Amino acid sequence: MSFKHKHLLGIQALSASDILTILETAESFLEISAREVKKVPTLRGKTIVNLFFEPSTRTRSSFELAAKRLSADIINFSNQTSSVSKGESLKDTVLSLEAMNTDAIIVRHSYAGAPHFISTFCRSHIINAGDGAHEHPTQALLDAFTIKQEKAKFKNLKVVIVGDILHSRVARSNIFLLSKMGAKVVCVGPPAFLPIEFQQFGTQIDYNLDRAIEGADVIMTLRIQLERQQKNSFPSIREYRNIYGLTEERFRKAKKDAIIMHPGPINRGVEISSDLADSLQSIILKQVENGVAVRMAILYLLLGGKDRETSD
Ligand code: CP
């Protein structure tokens, strides 16, 4: 199994073969989280930093669990309680943390390109945990892992991504990944959230969810990213929900075995009805569960772990 990247900055830099390597490695890590003792010594002695400048529930926790299940040491950096609040720059913050001999730094930042910038002066492996509206590669990888678990393939699957596509790093990374793997991606949202330029990424765009959802295998719903908007892009939440919300009636137009995904956090009753979010067709919590194995695989492949099979 060959994986020759030093960093994971985005999906665009990965080949289809790299993506399959990550998914296959994650598959082999899945059972560790089901053991009574959820730990292997693979990354013992490695030091990892969770450097999050934006809030996170799923990504930060699952990276922390992934590192701990591989026996690495991990510290969680919080923007509010660090010296960033005293004016320290991003570069000085990272250099100070790296001076403590880190092996990998996992970065979430509101500025697109922040992890790429850090990778230009760091010797640690850099992992992008979401940069502005640009990319969220580990989310797309865990989404792909979950789709493959459910559908066993990507080729010719119809995947509808609906919501605030413009401001969504999850949408971008998923468009890049799923198109690379042969799925047919259709993006849906109001024109203010779905510029025609998105066609250049190899996705079809549609402003009508009722039409786009017909024959869909996968429906990925996204929240409206109010924190990334300069102005109000739609008249009201009620109107948005009426036109672009995933309801039981709309979902019936998809294939009978269609699955519902959401990267979280969910705004119940806005982009998805609460009943659908909790339905049997929803694999939202499966995505969260798989996130740990996928992030274990990424840490393992980047940091060159060994002794995988031996329990502590
Ligand atoms: N999907 C995702 O990135 O969730 P968090 O913001 O909670 O990490």
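We count residues from 1, following the sequence as given. Indexing begins at 1, ligand by ligand and atom by atom, following the structure's order. Since we're looking at a predicted model, the values are computed, not measured. The figures here come from the full heavy-atom set of this structure, side chains too, leaving out hydrogens, waters and symmetry mates.
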Taking NZ in K148 as the centre, count heavy atoms belonging to other residues, nucleotides or ligands within less than 6.0 Å. Is the count above 12? no
We want to know whether S15 and D18 form a side-chain donor-acceptor pair, criterion being a heavy-atom distance below 3.5 angstrom. yes
Has K253 got a side-chain atom pairing as donor or acceptor with A212's backbone, closer than 3.5 angstrom? no
Are side-chain N/O atoms of T221 and E271 paired as donor and acceptor at under 3.5 Å? no
Verify the neighbour count for atom CD of E249: are there more than 12 heavy atoms of other residues, nucleotides or ligands below 6.0 Å? no
I'd like a table of the close N/O pairs between ligand 1 and the protein (anything under 3.5 Å), one pair per line with both atom names and the distance.
| from | atom 1 | to | atom 2 | distance (Å) |
| --- | --- | --- | --- | --- |
| ligand 1 | 1 (N) | Q139 | OE1 | 3.0 |
| ligand 1 | 1 (N) | P263 | O | 2.8 |
| ligand 1 | 1 (N) | G264 | O | 3.4 |
| ligand 1 | 3 (O) | T59 | OG1 | 3.0 |
| ligand 1 | 3 (O) | R108 | NH2 | 2.9 |
| ligand 1 | 3 (O) | H136 | NE2 | 2.8 |
| ligand 1 | 4 (O) | R58 | NE | 3.1 |
| ligand 1 | 6 (O) | R108 | NH1 | 2.9 |
| ligand 1 | 7 (O) | T57 | N | 2.8 |
| ligand 1 | 7 (O) | R58 | N | 2.9 |
| ligand 1 | 7 (O) | R58 | NE | 3.1 |
| ligand 1 | 7 (O) | R58 | NH2 | 3.0 |
| ligand 1 | 8 (O) | S56 | OG | 2.6 |
| ligand 1 | 8 (O) | T59 | N | 2.9 |
| ligand 1 | 8 (O) | T59 | OG1 | 2.6 |
| ligand 1 | 8 (O) | R108 | NH1 | 3.4 |
| ligand 1 | 8 (O) | R108 | NH2 | 3.3 |

F63 six-ring face occupied by R295 cation (under 6.0 Å, within 45°): yes
